[in-house]
Participant: 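Before I ask anything, let me first share the structure, which is written out below as structure tokens.
As the structure is a computational prediction, the values presented were derived from the model and not from experiment. In what follows, every chain begins at residue 1, and chains take the letters A, B, ... in the order their sequences are listed.
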Number of protein chains: 2
Amino acid sequence: MVRVTSIGFPNGRIETTKANNEMITLKDVAKRAGVSPSTVSYVLSGKKKVKEETRSKIYEAVKTLNYSPNKVARSLKTNSTNTIGVMVNNLSDMFFIDILKAIESTAYEYKYNVILCDAVNSEEREISNLRSLLGQRIDGLIFAGTGKNKKLNLDRLGIPVVTLDRSAGSGSGSIYVDNVKGGELATEHLIQAGKLPIALITYSTLISTFFDRMYGYRKTLEKYGLPYNEDLVVVTDFGTYNEGYNAVRELLKRKVEFQSLFAVNDMLALGAMRALVEEHYKIPEDISVVGYDDIPIAKLFLPALTTVSQPQYQIGRKATELLIRTINKEPIEEAEKSIVITPELIVRETA
Amino acid sequence: MVRVTSIGFPNGRIETTKANNEMITLKDVAKRAGVSPSTVSYVLSGKKKVKEETRSKIYEAVKTLNYSPNKVARSLKTNSTNTIGVMVNNLSDMFFIDILKAIESTAYEYKYNVILCDAVNSEEREISNLRSLLGQRIDGLIFAGTGKNKKLNLDRLGIPVVTLDRSAGSGSGSIYVDNVKGGELATEHLIQAGKLPIALITYSTLISTFFDRMYGYRKTLEKYGLPYNEDLVVVTDFGTYNEGYNAVRELLKRKVEFQSLFAVNDMLALGAMRALVEEHYKIPEDISVVGYDDIPIAKLFLPALTTVSQPQYQIGRKATELLIRTINKEPIEEAEKSIVITPELIVRETA
DNA sequence: TTGAAAGCGATACCAC
DNA sequence: GTGGTATCGCTTTCAA
């Protein structure tokens with residue numbers, strides 16, 4: 001069924017016509033075309049057959065009046081807004097940019113709008129944003145929030161929710177990247193290059209994402225019969241560039257030797273690299289570095305960062321499609337509801 | 001006047017209560033509290049005095065029913081959605097990230113929602129997105145679109161518009177960064193360091209932003225009695241990293257000598273730096289580089305990029321405040337409607 | 001194939 | 001202070 005969501009304006013004009021800035025309504029169109037409001041609605045929604053003659057009369061009126069349907073009124077009646085909400089943990093985290101781009105783009109194709117909320121690492125703000133989104137009557141939610149909100153039960157929001165890469169309640173679907181695998185990939189690469197021992201810069205182990213990456217590191221060391229040395233790991237509070245920088249300084253202070261370094265996200269890796277360069281280490285000759293995420297600048301960096309890639313665009317697109325299909329009550333097989341994406345090691349210049 | 005936009009849920013719960021997933025309405029609350037719907041409305045909006053006793057009865061009912069007002073209905077009635085639209089030219093352009101963050105954050109403070117649209121460099125998409133936003137009845141728009149859409153008259157959208165850094169119609173306000181000044185700053189810095197001649201990598205001179213930066217470059221050369229040499233300038237199509245890279249290759253092919261390079265945006269500068277490094281030029285010893293924008297990674301880069309800063313967070317915040325004040329019909333002096341922000345040269349490691 | 005009219009869930013005017 | 005009710009602009013059932 002074709003649903004006309006947006007009525008074309010003549011000549012690409014996007015303007016109001018009524019002088020007093022009042023909106024043209026469906027009634028105005030009906031009057032002008034000499035038909036009833038319902039008929040206009042039928043024509044515009046394409047939900048009922050209407051005689052060709054009346055149709056064109058109506059289109060005519062729509063054009064000359066430059067009519068644009070009021071989606072608020074439609075929403076009230078149909079109880080659906082054609083809008084999805086997106087909650088990200090932190091917009092500064094470049095990891096979300098391509099995801100957001102993909103969501104916006106996919107939503108656009110399906111004629112959905114996107115309302116954006118940033119939790120800025122705050123659980124309160126997360127809740128408060130969520131409340132607002134729900135009040136706006138969004139049709140569904142893509143959730144990539146703080147991941148540490150215990151009060152939050154995404155299954156009881158009353159709308160479909162797709163979660164990204166966090167396990168804060170299952171929701172009606174989730175896109176999950178195998179972080180253990182990613183940790184293994186990175187570690188294995190460094191082991192095979194003989195760059196031992198491997199230092200680890202990680203981030204809150206309370207968040208499963210990072211716990212898993214770290215677990216992949218440990219598991220792989222074990223697999224190769226290598227010791228796990230706590231002196232080689234630094235745990236940071238937020239996973240930022242500055243913390244990556246400080247982590248290396250800390251490592252250096254500890255006077256432990258290491259030939260390579262695995263950071264559980266790219267920002268940490270970049271910060272670490274700065275510290276290494278300042279101390280005149282050559283990358284990768286002296287110390288190899290592997291990051292995680294493949295944020296947009298990873299490949300642009302000097303030297304280009306070797307990293308574990310999470311296909312961000314794909315994640316965003318799949319999440320949006322899954323969400324919209326759920327909103328539309330399309331039958332979705334159980335297997336499709338939980339999409340697991342396999343990370344990939346992108347070898348560039350730092351390892 | 002205090003406007004209660006969001007009703008607190010007890011214990012931080014965000015859940016539906018009616019088993020059949022039906023929404024609780026104001027009428028339900030009224031019935032439960034034994035009052036009329038209008039009284040409930042008065043209490044929740046705080047627009048009329050209501051006896052303390054009835055008030056608490058109503059709050060009581062709101063709590064136990066876990067009522068959340070339907071903003072769609074409110075919007076229909078009040079003809080305002082508490083939502084602002086944001087149109088950016090391209091989300092991949094990291095220049096917009098902090099702006100977006102600021103917009104989101106400021107909107108949050110004022111209890112506004114943000115609907116995000118990405119024109120992805122396409123004028124068609126820009127128009128079509130705009131149409132959709134207007135259909136959604138947004139209260140106002142922050143516009144930082146392609147800047148080349150001739151069909152677009154932002155003054156006739158029927159809602160307040162604040163434009164960012166483009167001159168596509170004045171709108172009801174604009175935040176303008178003095179790009180000529182920025183071009184001067186960069187050029188002057190290089191001249192005074194004696195890094196002559198200065199190559200220029202620029203981007204569509206049809207967009208005033210970039211035309212102005214280039215003009216600042218020419219003007220400054222003139223001021224110092226230096227020749228303007230066309231062989232030293234490369235004009236790119238989109239201002240991307242890859243184009244910056246290719247621009248340097250082009251410059252090298254032309255066999256013109258240059259000791260420094262001014263790129264009209266940071267992405268071009270970063271791409272240029274890559275090409276220089278690949279050709280074994282040392283930055284800044286052999287060739288100095290100055291960018292423009294101060295995108296988030298500029299200071300993180302290796303070497304850290306010297307660049308002309310546009311205070312992105314401030315731009316976003318001011319734009320949002322100006323917009324919301326306009327929406328609320330607050331009196332705004334003519335001078336405040338056009339905010340000019342002075343760029344600043346941030347000297348780091350590349351020049 | 002078309003039209004009349006009820007109603008979505010708020011707000012706000014006007015009575016009392 | 002409180003309540004009845006028309007209204008916002010659309011969709012949709014039912015009847016013609």
Side-chain angles (χ1 to χ4, degrees), chain A residues 1 3-7 16 18 21-58 61-62 65 67-82 134-137 139, chain B residues 1 3-7 16 18 21-58 61-62 65 67-82 134-137 139:
Chain A
M1 181 200 70
R3 168 84 169 270
V4 181
T5 331
S6 155
I7 305 302
T16 52
K18 279 200 185 175
N21 230 338
E22 262 173 46
M23 279 298 161
I24 288 103
T25 73
L26 185 140
K27 262 187 191 164
D28 296 325
V29 176
K31 201 177 294 173
R32 171 106 194 178
V35 296
S36 81
S38 33
T39 311
V40 176
S41 178
Y42 296 144
V43 168
L44 298 184
S45 68
K47 282 193 184 160
K48 263 197 176 174
K49 279 212 176 78
V50 175
K51 214 200 299 171
E52 183 51 41
E53 199 189 318
T54 6
R55 281 172 72 94
S56 55
K57 264 197 303 191
I58 289 171
V62 164
L65 292 177
Y67 168 70
S68 160
N70 184 328
K71 289 191 197 154
V72 174
R74 168 184 287 165
S75 290
L76 179 59
K77 184 67 190 174
T78 61
N79 202 23
S80 86
T81 52
N82 263 263
L134 258 26
Q136 299 277 348
R137 297 296 187 270
D139 293 340
Chain B
M1 183 200 70
R3 167 85 169 269
V4 180
T5 332
S6 155
I7 305 301
T16 52
K18 279 201 185 175
N21 229 338
E22 261 173 48
M23 279 298 160
I24 287 101
T25 73
L26 183 141
K27 265 186 191 165
D28 296 326
V29 175
K31 201 177 296 173
R32 171 106 194 181
V35 297
S36 82
S38 32
T39 310
V40 177
S41 178
Y42 296 145
V43 168
L44 298 183
S45 68
K47 282 191 183 162
K48 265 199 177 175
K49 279 211 177 79
V50 175
K51 215 199 300 172
E52 182 51 41
E53 198 189 319
T54 9
R55 281 171 72 93
S56 55
K57 263 197 305 190
I58 288 172
V62 163
L65 292 177
Y67 166 71
S68 160
N70 183 328
K71 289 193 197 152
V72 174
R74 168 185 286 167
S75 291
L76 179 61
K77 183 66 190 173
T78 62
N79 201 25
S80 87
T81 52
N82 263 263
L134 258 25
Q136 301 276 348
R137 295 298 187 270
D139 293 341

Participant: With a 4.0 Å cutoff (strictly under), does any side-chain N or O of A:Thr54 reach OP1 or OP2 of C:dT2?
Facilitator: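 For C:dT2, OP1/OP2 do have a side-chain N/O of A:Thr54 under 4.0 Å.
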Participant: Supply the atom-to-atom distance A:Lys48 NZ to A:Ser41 OG, rounded to the nearest 0.5 angstrom.
Facilitator: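 Going from NZ on A:Lys48 over to OG on A:Ser41, the span is 10.0 Å.
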Participant: Using a cut-off of less than 4.0 Å, is there contact between a side-chain N or O of B:Thr39 and OP1 or OP2 of D:dG3?
Facilitator: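 Yes, within the criterion.
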Participant: How close do B:Ala73 and A:Leu76 get, counting heavy atoms only, and between which atoms?
Facilitator: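 Heavy-atom minimum between the residues: CB-CD1, 3.7 Å.
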Participant: Picking from C:dG3, D:dC10, C:dA10, which would you name as closest to the side chain of A:Val35?
Facilitator: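 Out of C:dG3, D:dC10, C:dA10, the nucleotide with an atom closest to A:Val35's side chain is C:dG3.
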Participant: Where is the tightest heavy-atom contact between B:Thr81 and A:Gln136, given as atom of each residue plus distance?
Facilitator: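 Heavy-atom minimum between the residues: O-NE2, 4.2 Å.
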Participant: Distances for protein N/O vs nucleotides 14-16 of chain C N/O pairs under 3.5 angstrom?
Facilitator:
unit_1, atom_1, unit_2, atom_2, d
C:dC14, N4, B:Lys48, NZ, 3.3

Participant: Does a side-chain N or O from B:Thr25 land closer than 4.0 Å to OP1 or OP2 of C:dG9, or not?
Facilitator: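 No, outside the criterion.
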Participant: Considering heavy-atom distances to DNA chain C, does A:Ser38 or B:Val72 have its closest nucleotide positioned more toward the 5' end?
Facilitator: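 By nearest-heavy-atom nucleotide position, the 5'-most residue is A:Ser38.
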Participant: Within this structure, what is the CG-CG distance for the pair B:Asn79 and A:Asn70, rounded to the nearest 0.5 Å?
Facilitator: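 Atom-to-atom, B:Asn79:CG and A:Asn70:CG are 7.5 Å apart.
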Participant: Can you tell me if A:Thr78 touches the phosphate of D:dT11, counting only side-chain N or O atoms and a distance under 4.0 Å to OP1 or OP2?
Facilitator: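 No.
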Participant: Below the 4.0 Å mark, does D:dT12 have OP1 or OP2 next to a side-chain nitrogen or oxygen of A:Lys47?
Facilitator: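 Yes, A:Lys47 has a side-chain N/O under 4.0 Å of OP1/OP2 on D:dT12.
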Participant: Restricting to non-hydrogen atoms, name the atom on A:Asn82 and the atom on A:Asp139 that form the minimum distance, rounded to 0.1 Å.
Facilitator: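 In terms of heavy atoms, the two residues are closest at N-OD2, 2.6 Å.
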Participant: Could you tell me which non-hydrogen atom of A:Tyr67 sits nearest to which non-hydrogen atom of A:Thr25, and how far apart they are?
Facilitator: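 Taking every non-hydrogen atom into account, CE1-C, 3.5 Å.
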Participant: Examine D:dT11: is either OP1 or OP2 under 4.0 Å from a nitrogen or oxygen in the side chain of A:Ser41? Give yes or no.
Facilitator: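 Yes, within the criterion.
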